[in-house]
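All remarks here apply to the structure that follows.
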Amino acid sequence: MSELAGKAIIIVGTLFNLFGCIGLIRLPDVYNRLQGATKCVTLGTCSILLGVLISSGVSPTGMKALAAIIFIAITAPTAAHALSRGAYRAGVPLWEGSVVDKYEEEGQ
Amino acid sequence: MDEQRSGSKISRGAFVFGVTLAVWLLFTWPFAPIEWPMIIAGALVAILSGVLLGEMTTRHPGRGLNPVRYFWGACYIFVLAWWVAMANLDVAFRVLHPDVPINPGIVKVKTDLKSESAKTALANSITLTPGTMTVDLSDDGHLYVHWINVSSTDVEEATHQVVGRFEPILRRIFE
């Protein structure tokens, strides 16, 4: 039973990773792409690890998967934050369809 | 004053020691049969990390001992998991839609959270939730947020929509 549930969650995680990759191709600029990539790939990868945790239970493998979930959930958004700020500082422009840029207006 | 400072230095080091040792024990699971050399090696490295990195960590290590904060931390995991799931369905909808319906921009929002850890957690939570990603944090408590579907450029309104989900619960955990 837990084997089956684990596999189902792994499949859902793989699907979300796929959506993240599609987003990477279809979205227009660095910032939008980072959004798609960060959100979908974080949930996708965490789901795959959660599937491993469920199917292997309280075991050495399961505990390492749990630790990896915690690390990914903390580091992925931090990396996205660093990349977007770095891109902005390096002068990568927003997509021409963007409606507002408070960051530039405030002269940061 | 000096005594107080050194006391806080030791408790900060102890905080790092506790976290490091907990992670180590998670990695070396299971404990049966108990392997003392492994645990002692982990404890030694944890002491070293505590001595070297105690300076860089939280300014209020005593807050780590309050069980009420852990209760709210557990609630926060469920709140975050719900919004992360929503965020992913939102992004999946936008990238699979033939027209790619986005309306992006960078807005400014305000936060009343004071401690560094609370601000970090808020910035990370915003990045993981529907359509928003933190770009920068100013010293006076403003966040610059890239929003994939801007519905309001007003600071107050954007704050209500972006920050309002997490601020109350993060205040209970970190402040």
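In the text below, chain A, chain B and the rest are named by the order of the sequence lines, each starting its count at 1. Because the structure is predicted, anything quoted here is derived from the model rather than measured.
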In the structure I gave you, are the side-chain heavy atoms of A/Met63 and B/Leu25 within less than 4.5 Å of one another anywhere?
no
Between the side chain of A/Lys39 and the main-chain N/O of B/Thr132, is any donor-acceptor distance below 3.5 Å?
yes
CG on A/Leu66 to CG on B/Leu26, rounded to 0.5 Å:
5.5 Å
Examine whether an atom of A/Thr42 lies under 4.5 Å from a heavy atom of chain B, and if so say whether it belongs to the side chain, the backbone or both; otherwise answer neither.
side chain
Report yes or no: do B/Ile77 and A/Leu50 belong to one cluster of Ile/Leu/Val/Met/Phe/Trp/Tyr joined by side chain heavy-atom distances under 4.5 Å?
no
Top contributor to chain B contacts, counting heavy-atom pairs under 4.5 Å, from A/Gly86, A/Gly62, A/Ser84
A/Ser84
Donor-acceptor pair, distance only, cut-off 3.5 Å: does the side chain of A/Gln35 make one with the backbone of B/Thr127?
no
On a heavy-atom basis, which atom in A/His81 and which in B/Val135 lie closest, and how many Å separate them?
CE1-O, 3.4 Å
Tell me, for A/Ser59 versus chain B, whether the close heavy atoms (under 4.5 Å) come from the side chain, the backbone, both or neither.
backbone
Linking I/L/V/M/F/W/Y whenever any side-chain heavy atoms sit under 4.5 Å apart, do A/Ile74 and B/Phe78 land together?
no
Can you pull out the residues in residues 83-98 of chain B with any heavy atom less than 4.5 Å from chain A?
B/Val84, B/Ala87, B/Asn88, B/Leu89, B/Val91, B/Ala92, B/Val95, B/Leu96, B/His97, B/Pro98
Could you grab the distance from atom OH of A/Tyr31 to atom CD1 of B/Ile106, nearest 0.5 Å is fine?
6.0 Å
Under a side-chain separation threshold of 4.5 Å, the hydrophobic residues clustered together with A/Phe71 are B/Val23, B/Phe27
More than 12 heavy atoms of other residues, nucleotides or ligands under 6.0 Å from CG of B/Leu44: yes or no?
yes
Is there side-chain contact between A/Leu34 and B/Met133, with at least one heavy-atom pair below 4.5 Å?
yes
Sort A/Ala73 into side chain, backbone, both or neither according to what part of it lies under 4.5 angstrom from a heavy atom of chain B.
backbone
Which atoms of A/Phe16 are under 4.5 Å from chain B, going by heavy atoms: the side chain, the backbone, both sets, or neither?
side chain
Do B/Ile47 and B/Met38 sit in the same hydrophobic cluster, where Ile, Leu, Val, Met, Phe, Trp and Tyr count as joined when their side-chain heavy atoms come under 4.5 Å apart?
yes
Same apolar cluster (I L V M F W Y, side chains within < 4.5 Å links), A/Leu83/A/Val30
yes
Grouping I, L, V, M, F, W and Y whenever their side-chain heavy atoms are under 4.5 Å apart, do B/Leu122 and B/Trp72 come out in a common cluster?
yes
